[in-house]
Asks: 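Before I ask anything, here is the structure I am working with.
Note that the coordinates shown come from a computational prediction; the quantities given were computed from them, not determined experimentally. Excluded from the calculations below are hydrogen atoms, water molecules and symmetry mates; all remaining heavy atoms, backbone and side chain alike, are included. Every number for a ligand or one of its atoms is a count from 1 in the order of the listing.
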Amino acid sequence: MIKTELEKRNVPDFFEIDGKKIDSANAWKQYRPYLKDLFLSEEYGFLPPKIEPSIKIEDGELNFADKVTWQTISFTFENQGKSHTVKAELLLPKDKAKAPVFISIGFKAEIPNKYLPLEEIIDNGYGVFHFYYEDVTSDDGDFENGLASLFDGGGKKWGKISLWSYFASRLMDYLETRDEVDKNNVAIIGHSRLGKTALLTSALDERFVLTCVNESGSCGASLSRGKTDENETIVKITDTFPFWFKESYLKYRDNENALPFDQHMLVSLVAPRTVVIGGAYKDVWADNEGQFLSAYLSSYAWELYGKSGLICENKMPVCGDKYLDGDVCFYLRGGSHFLSRDDWQVYISKFNELLKR
Ligand code: GCU
């Protein structure tokens with residue numbers, strides 16, 4: 001049943017290079033840098049060079065019944081005579097000497113907000129390091145504001161997703177300096193366009209133990225090939241959001257079969273760490289079947305490491321299916337496009353499981 005659906009999608013075997021299947025973890029590790037570059041040069045664009053930001057720490061106001069330590073951390077980046085500051089909110093459970101943390105790439109600056117049930121996350125023993133993505137740079141075609149203004153080549157060399165991702169990795173750099181953080185247990189989470197960003201970040205940056213990709217859809221976890229009329233294609237996404245990508249990605253408009261990869265290969269770059277791909281039943285735009293097949297196909301990379309990828313039934317997913325036992329997880333909850341409490345509960349329970357290993 002899955003095979004039939006895959007045949008319709010016509011996805012080449014991208015684990016086969018020049019007629020030879022990648023057949024060991026070593027061969028895969030050698031291929032990874034090339035594959036990363038391919039995604040950057042063809043789709044997202046290259047991330048700017050790493051700059052050490054200067055850092056300022058201020059105490060936050062609220063304490064959530066005295067359960068939370070809240071600090072606002074300001075990161076100031078300087079380059080080419082310009083500077084830009086981005087704030088991120090670090091909230092840690094007071095009762096933990098070393099807390100596992102979610103880096104949250106947020107649609108909202110406020111804490112908590114409709115996508116971030118903060119108290120519940122803290123009560124489960126996790127810290128949150130949250131930033132509002134448009135503080136990094138605006139979500140439009142203006143490459144002259146925020147961090148975008150510090151680096152040349154916006155559009156030609158890199159798109160906005162790369163820049164949001166760049167900042168998420170700088171937060172990880174910072175967490176590594178904090179004793180109250182369990183730096184081997186840092187997850188990254190994002191929803192929708194920020195799910196795309198979370199996935200790219202973890203594909204490039206191997207320090208995240210868990211990657212939570214919520215309803216990322218087109219140019220996120222979902223396959224680009226074989227879309228239906230109701231799904232978001234490369235034409236549709238680049239009609240509205242061309243600036244998310246490098247300009248050269250436009251050559252794949254209505255030309256998906258020319259892509260030298262499909263999105264499951266981006267998921268594969270997360271191996272052997274754990275990824276959870278969340279879908280919502282009514283979110284047809286995001287192509288849930290394509291997200292499921294991507295989880296399924298990417299699993300080969302985990303198998304190369306002797307780990308289990310997606311553990312699922314041999315059928316296409318229906319509403320309510322949850323495949324959370326492997327290191328590639330997929331679930332399809334009821335309802336529409338949203339980062340809900342239910343989604344957080346899935347990500348938290350997987351994180352709990354990882355901490356017990
Ligand atoms: C639009 C866009 C999607 C994106 C979503 C979001 O619907 O077409 O690709 O994921 O916005 O970020 O909310």
Side-chain angles (χ1 to χ4, degrees), residues 39 42-45 103-110 113-116 130-142 158-165 167-168 188-203 211-247 249-250 252-254 256 259 262-264 266-267 275-295 330-333 335-340 342-344 347:
F39 271 105
E42 297 303 298
E43 184 167 356
Y44 302 101
I103 290 186
S104 147
I105 314 175
F107 271 107
K108 307 254 166 219
E110 309 87 67
N113 65 61
K114 65 178 185 178
Y115 292 139
L116 186 68
H130 175 84
F131 71 99
Y132 170 51
Y133 80 123
E134 288 205 273
D135 278 349
V136 176
T137 181
S138 63
D139 189 356
D140 56 25
D142 174 7
W158 43 269
K160 290 289 178 87
I161 290 178
S162 281
L163 221 56
W164 302 324
S165 171
F167 185 67
I188 186 157
I189 181 166
H191 167 60
S192 209
R193 69 199 67 184
L194 305 179
K196 307 182 211 298
T197 309
L199 176 58
L200 176 67
T201 307
S202 190
T211 307
C212 309
V213 188
N214 202 70
E215 296 156 34
S216 62
S218 177
C219 306
S222 178
L223 293 177
S224 298
R225 286 171 176 78
K227 298 283 193 207
T228 68
D229 288 349
E230 291 174 306
N231 304 146
E232 185 177 29
T233 57
I234 296 178
V235 166
K236 291 177 193 165
I237 203 168
T238 55
D239 271 349
T240 318
F241 306 105
F243 45 85
W244 285 354
F245 309 98
K246 195 180 163 207
E247 282 171 12
Y249 192 49
L250 299 180
Y252 298 107
R253 286 168 60 89
D254 218 3
E256 282 80 0
L259 280 165
D262 210 311
Q263 292 300 119
H264 65 292
L266 191 66
V267 179
V275 61
V276 185
I277 296 173
Y281 185 65
K282 291 187 182 167
D283 190 7
V284 177
W285 186 240
D287 180 13
N288 288 311
E289 290 73 20
Q291 299 190 115
F292 169 76
L293 293 173
S294 175
F330 172 88
Y331 70 91
L332 187 56
R333 67 155 169 77
S336 55
H337 191 67
F338 196 76
L339 173 51
S340 73
D342 297 336
D343 298 308
W344 273 100
Y347 303 129

Asks: By salt bridge (charged side-chain N to carboxylate O under 4.0 Å, His left out), which residues pair with Asp239, not counting sequence neighbours?
Replies: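 Counting only residues at least two positions away or on another chain, Asp239 forms a salt bridge (charged side-chain N to carboxylate O under 4.0 Å, His left out) with Arg253.
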
Asks: When the aromatic ring centroids of Tyr115 and Phe338 are compared, is their separation below 6.0 Å?
Replies: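 Yes: the rings meet the under 6.0 Å criterion.
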
Asks: Run the side chain to side chain donor-acceptor pair (under 3.5 Å) test against Thr197 and tell me which residues pass, sequence neighbours left out.
Replies: none

Asks: Ligand 1: which residues have a non-hydrogen atom closer than 4.0 Å?
Replies: Phe107, Ser192, Arg193, Lys196, Glu232, Ile237, Phe241, Trp244, Trp285, His337

Asks: Please determine, by modelled atom types, if His130 and Ser104 share a side-chain donor-acceptor pair under 3.5 angstrom.
Replies: yes

Asks: Will you find, in the side chains of Glu110 and Asn113, an N or O donor that is under 3.5 Å from an N or O acceptor?
Replies: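 No, Asn113 and Glu110 have no side-chain donor paired with an acceptor closer than 3.5 Å.
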
Asks: Mind listing the side-chain donor-acceptor pairs of residues 277-286 below 3.5 Å, one per line with the distance, residues two or more places apart or on another chain?
Replies:
| from | atom 1 | to | atom 2 | distance (Å) |
| --- | --- | --- | --- | --- |
| Asp283 | OD2 | His337 | ND1 | 2.7 |
| Trp285 | NE1 | Glu232 | OE1 | 3.4 |

